[in-house]
Amino acid sequence: MKKTYLLLLVLFILVFQSVNAQYQITSENLIKTVSFLSSKDLQGRLSGSEEYFVAANYMAKEFADIGLLPFSQNSYFQKLKVEYNQILPKVEFSLYKDGNFVEKYNLGKDYVFRGFSGAGDINAQVVFVGYGISIPEYDDYKNVDVKGKIVLAFKYNPSWNLDGVNWQSSLPREKARVAREHGAVGIMFISFPNDENPQQPIGSVMHGNGEQVNIPQIHIDLPVANDFFEGSDYKLKELQTKIDSEKINLSFALKTEAKIFVETDYVKEKETVNIIGIYPGTDEKLKDEFVILGAHLDHVGGQAGEIYFPGANDNASGSSAVLEVAKMFAKNKLQTKRSVMFVLFASEESGLEGAEYLASNLGIESSKVTAMLNMDCIAHGDSIQLGSGNSAPNLWQIAKKIDSENAKLTIRNTWAGGGADASPFHEKGIPTLYFVTKNSYTHLHCLTDTPETLNPILYEEITKLVYLTTFEVANGNYNREVIVK
Ligand SMILES: [Zn+2]
């Protein structure tokens, strides 16, 4: 008897829900878009690439289909120009000894090209150059001749300091520039062998400012680096320990050679787009004010037609969430006092260029932006983090309160100063919140950042939190605060 009642009740609820069919945020819908954006067809969504435009057009059409207004005269695209580089098919990276071939390495597993690698067809001796730094106070190149050779350097700068010395930039462009300046024809980067979990070769287009350095630049895995050290006096771990503990330069030629072949399609200024749709507010006064909800659509691309970086968590997850939140507003015909600007940014991966461009070219007074909410890497991990709360405490309180009444997914700490694509808006004095999951970076910039690794429950909950926060801010119960820098 009891069971029958229960069954009837469930049936009633189901019927009731379908009558009041409202669009809802579900992990299924979220992950469906993620699966498309992180598919092989989209080849890692390198900003400015053909595949990036497939993603951009798809999202713009979704914006149009739900009735968002285009950002400017019939277009959802805001155009900007960025540096662009494609690693073309047919690459090689091999170990040689005394002029003889020893081993060919696998792209993606043993090594990855840096996003802005130059082209080259080289076969040369390898020279270890420590941190690859060359400044008057600390010169890794002072005792070695690297002319016509390939240098091997730590990817990052020392974690220690020399009195009053500023290291050169730790970004690959600067290290490659210094190598070429000394006559090197290629550079291989390695992670720290003494790290607890040394970083694997990752896809990255973060190179820093400056001109293209047209020599091959690759990030190699540590076991591969060990191959190149064969026959030398040091093991890699001891070498790092010695350099770091004695704060010395210790560079020397190895007894091995490397062959690297790579061709590239480099374009200094290539067109790419931010994708922007507007959901207009209804209050006569407040509709001129905007809440911006954004996430970056781009990722780090693919290489040589052999591998691609799916970027499911980074940041197909945030992009799909922007669309689902937009659907919640549009499909449910919500009325909000303020307007909402839904944005998918280009070129976060090379240094927040899309977000910086929009922050400087808003088309409205920046004082009219009530708040900017950003999502980046929101679907892998175990709980929710909110960044920039120390800079915009009132905004942070709104999200925290909503979370405490709903998912209660432990929003632990926060920090100041925007973060990722929120930073350029923070710099303009706009209150920001940065949504990211905790322990999100297991597969960051790896070939394994796939939809299968996402946490659907967490992903759905954080998206609901973003939706409710966006609604609350858009509907007038928040006044823009003076941010704490
Ligand atoms: Zn990234």
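As the structure is a computational prediction, the values presented were derived from the model and not from experiment. In each ligand, atom 1 is the first atom listed, and ligand 1 is the first ligand listed.
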If you have a sec, read the angle at the Zn ion (ligand 1) from H445 atom NE2 over to E349 atom OE2, to 10 degrees.
100°

Of the backbone and side-chain N, O or S atoms of E348, does one lie nearer to the Zn ion (ligand 1) than 2.8 Å?
no

S75 versus P70, closest heavy-atom pair with distance:
O-CB, 3.3 Å

Go through it in stages, so that I can follow the logic: the residues are R480 and T370, the test is side-chain hydrogen bond (donor to acceptor under 3.5 Å, both in side chains), and I'd like the CA-CA distance, side-chain angles, deciding distance and then a yes or no.
CA-CA 5 Å; R480 176 168 155 156; T370 308; over 6 Å; no

Basic-acidic side-chain contact under 4.0 Å: R173, E83:
yes

Write the atom name of the N, O or S atom in D314 that is nearest the Zn ion (ligand 1).
OD2

Between D265 (side chain only) and Q86 (backbone N and O only), is there a donor and an acceptor less than 3.5 Å apart?
no

